[in-house]
Every structure is written in C-alpha cells, then in structure tokens.
Amino acid sequence: MSGDIALTRTIAAAPPDSGAGRRTALLSGLGRTALYVALPLAVIALWQGLFELGLIRPILLPPPTRVAQAFWTLGLSGELPRHVAISLLRVLEGFAIAALAGLLLGLAIGLSKKVDRACDLLIQLVKPIPPIAWIPLAILWFGIGEAAKVYIIFLGAFFPILVNTVDGIRQTDQRFVELARILEVPRRRFILKVVLPGALPAIMTGLRVGVMVAWMCVVASELIAASSGVGYLIMDARQLSQTDVVLVGMITIGAMGKLLDSLLKRLERRLITWKTSFGGQ
Amino acid sequence: MAELRIKTLVKRFSQASGAVLALDGIDLDIPSGGFTSIVGASGCGKSTLLRIIAGLEGDFAGEVSLDGRPVGGPGLDRGMVFQEHRLLPWLTVEENVAFALNGPTPAEVRELVSEHLELVGLGSFAKAYPGQLSGGMAQRVAIARALVNRPRVLLLDEPFGALDAMTKIIMQQEILRIWEAEHITMVLVTHDIDEAVFLGDQVVMMSARPGRVKAVLPVSLPRPRDRSSPHFIDIRRHIFGSFFAEAEETFAYAI
C-alpha cells in the first residue's frame, strides 16, 4: 500500500537511443549555446563593423581585433594575470571577512529582537554610505597599502550579506516554529535544523550580491590609490592613452565577475537541492 | 476514568474590531485510551480547542488538565499531527522523525525511528526526501514523528483533510490500526461527519460562533466499522440532522 512513491523531483531524461534522437538532443544543446552567446557576438560584430566603415575613431574606441591583440600581448607577458591575481586576492580577503562578520552579526540580529533593536539605527545610517566615499578615510587610516583596499571591499560586501541573512532568518516558516515548540526541540537544534537551512537561499543571494559588490569595490579602490591590480591597469593605460588596454581591463573585470557568480550559483545548487523554484518558461 | 479534562474553557481572540469569543464554556471529558472525534463547521473553534490542549494557545479562562495536571504549554506527553505534514524539506524521512527526539543516544534514536517508520508502513523510505513522497505518505511520516516520543495523547488536527478520497479512507484505517497497536488516547478534529463516526468512540459535536459543545454522542459500533451498515448510517444521519436541521427546513419550504 505504500508503494506509490511520487517522484516529484526531476529525473534526468534517459539518453535517447536512436541516432536521430541523439542528433536532436545535440542540436537543441547547440541551439541553447547559440542563444546564449548570440547577443554578445552581435555586439562585437557591430562594433567591428562600425570601425571598418570608419565611423568610430580608434583612439576613442579601438576595434575588437585590436583589443584582442592587446589581450594576447598582456596575457603572454604575464602582466594581465599578475594584476588579476592581485585584485582577486584582495577581493577574497575582503569578502571572507565580510562573509564571516555578516553571517555572525546577521544570525545574532535575526535571532534576537534586542540585538536587532540595538544595532538597527547604526546599520541603517552606515549602510547608505557608498564604499567609495570611505576611500579618503581608508587612505588616511591605512595608507595606500593592502589594508585600505580590503577595508573598502569588506564594507561593500558586508551589508548585502548582513541584510539578506537577517531577512532569511526572519522568513522562517511559522509552522515550523510551532512544530519545534510542540516537540520541545532545543534551541541549538532549532537553529541548526530549522532556521539556517530555511535561511540558506537568502544567505546565498546575499553572498552572491556581496561578491559582486566586492569585485566592484576592488576596482574602484585600485583606480584611486594603487600600483597594481586591474583597476590600476585601467588607470595607468588611460594616462598613456592606451584605450585598448583600458578595454582589456574592463572586459577582464566583467569576465571575472561572471566567473565568481557562476561559482557561487553552482555552490548554491549543490547546497539547496530541496527547493524547486520557477525557472522561466 | 477521564484522562484529559476540560472545564468551563473560554477563549477570546483580540482583533482590531474587538474581542472575538472563540470558545464559550467548553466542558469535556476525554477518556484515557479512547478515540474522540470532534466535529463541527469551520470556524467553530475546534482547532483552537485542540491547539489549547497542545499548549500552543495560552491566555484562556477555565481549566485543561491531563491526568490531573494543568496544561500550561507544550509537552511531550501530547503529540500533534497538523493538517499539513510540516516535514522539513531539507531533511530525509528518518531525519525528520529523529528531529523530534531529544534525549536518547544515536543508537537508540536509530532504533526508535526505524520502529516508528515500520509502524506507519514506511520502513523502506527512510532515506527519501519529503518532496519525493505523496501526500498520504508524508502524513504517515508526520504521524511517526508525533508518536516517536511515545506521547499519552495524540492530537490530530484535520490530518486527512488535504488528502484525496481514496487515500483518506486508507489513512483512516491506518490510524485505527496504529491506535490499537499503541494504546494511546487519540483526539481527532474534523469537519467530515463520516470520518468522525468511523473513527470515534465518542463524537463531540460543536456549534459555531461562539464555539460550544452541542452534544457528545457515544458510538458503540464494533470495529472494523461498516460505513454502509444501517446503524452507521443512522448515527451519521442523526449528527447530520442536528447540524443542518434548520437549513433542511428552509430548503423544504423553498420547494
């Protein structure tokens, strides 16, 4: 009588056996990839086309071919990888501190009305200050070394992580709270088995937003006071009117941001297997 | 011998528009080891009554006592099954049942969990996740979880209300089997007269606004009960009549 298991979770479709079926699957896979890259490729094509027609001056916007060339040179010389590595390290340091602090304080605020009340005003006042506005103070306090940049990144990533963690905890299902009361579940287990797993989707959103902001902040802080990093690369190239190198820096920033977000998305999918959400039609 | 005793219970809910009287002077004896069905229309306060017994609702006047001890809050002597299964979606079936256990060692937990999953017929689904279960199976897990602490009383708040008609009948038979196996007191709240008569030793009829006990009807039919037997139908008709007498008369005049 209990043999009726309804597998509501999606089971990957069995691989098609026939050659025709396989070909259809392959084509639909190619179709998906084509759809994914079509728009960026079109932009590049348009850009190159405008250059070929003589409509844009290379000093203002060098064509994709020249940017690709600069990529190649900077990549081979090791200059680009070095700047990327330095920026990435700064992001990871600032983000790690922000994640730790944001999660811990978020947990304390989310679980306790008193802590929430005590911290709320200060948080609401500091949160709207853009991290960039902190740069002058950060330089006064920490000089132009690594600490100033890590501090700016920390400030940028901290608030999205904090706010989302608190939100996730506050959204704990009231029905599960009642259940835990009925079962006299100890507080520790209640937090570990009910509150945290329930808040995990929101926490992951906070981490993803946080890493994005961290990446933006590193570039901003390197634009102003640095002698290394992708932001410095851009600023230095601007002073030498190397527009192609400026674009190399910008595109690298975009690509790294996309990479970091993809990594966190993958982690999220691995951690949250029980949630079925709307993925578009 | 009355195990669960409710005396002159009054419960008010305060709302923006003023206080609403949810329960007005409930007197009820629920015998030990018996099966009591509480039936009434929605809004009659039957779920509130059950939640007070469970200890989820405080701030009432009157007395609720279990074995002579007043009920002041939740306790492991009372288990509860809600209308929705309330299984934690990120825990497996066995983890969900183990979630209820506080004291025992890991080995004891394993044994208790598997024993109770066997009891509800889900021994082979220990590693499944709630999202992979049908509604009836999920409710079985919820029953196992409510029983794993060996409560004296199991409170059932319309537990089969969201199930399809076929599954509902199977679950009604299952809950009787579990009741007979576990020898505990069961209190079932339902709006389904057929279900109330099929399961209960006594059927408590409640009227709405304010919630009052209209009548308590003992059902002495032998088990397993035959829903199509004349006696069963008589009892059902009697309960139906006492709820809908006025409505039926209006209907007759209209014709």
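- Heavy atoms of B:E84 lying under 4.5 Å from chain A belong exclusively to its side chain.
- Open room surrounds CG on A:L39; 12 or fewer heavy atoms of other groups in view lie less than 6.0 Å from it.
- Heavy-atom pairs under 4.5 Å with chain A peak, among B:F99, B:F82, B:W90, at B:W90.
- Residues A:E184 and B:N102 share a closest heavy-atom pair of O-ND2, 3.0 Å.
- Taken to the nearest 0.5 Å, the CD1 atom of A:I182 stands 11.5 Å off from the CG atom of B:N149.
- Within 6.0 Å of CD on B:E115 lie more than 12 heavy atoms contributed by other residues, nucleotides or ligands.
- Taking a 6.0 Å sphere around CD1 of A:I132, one finds it holds 12 or fewer heavy atoms contributed by other residues, nucleotides or ligands.
- The candidate with the highest count of non-hydrogen atom pairs below 4.5 Å against chain A, out of B:R86, B:E95, B:R78, is B:R86.
- With respect to chain A, the highest number of heavy-atom pairs below 4.5 Å among B:G55, B:G75, B:G73 belongs to B:G75.
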(request) Could you give me the CA-CA distance, side-chain angles and deciding distance for B:M80 and A:L183, then say whether side chain to side chain contact (heavy atoms under 4.5 Å, CB included) is met? (result) CA-CA 9 Å; B:M80 183 144 178; A:L183 297 172; over 6 Å; no

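- Around atom CZ of B:R225, more than 12 heavy atoms belonging to other residues, nucleotides or ligands sit under 6.0 Å away.
- Of the listed residues (B:V148, B:L56, B:L88), the one with the most heavy-atom contacts under 4.5 Å to chain A is B:L56.
- Using a 4.0 Å cut-off between a side-chain N of Lys or Arg and a carboxylate O of Asp or Glu, B:R51 and A:E178 qualify as a salt bridge.
- Heavy atoms of B:L91 lying under 4.5 Å from chain A belong exclusively to its side chain.
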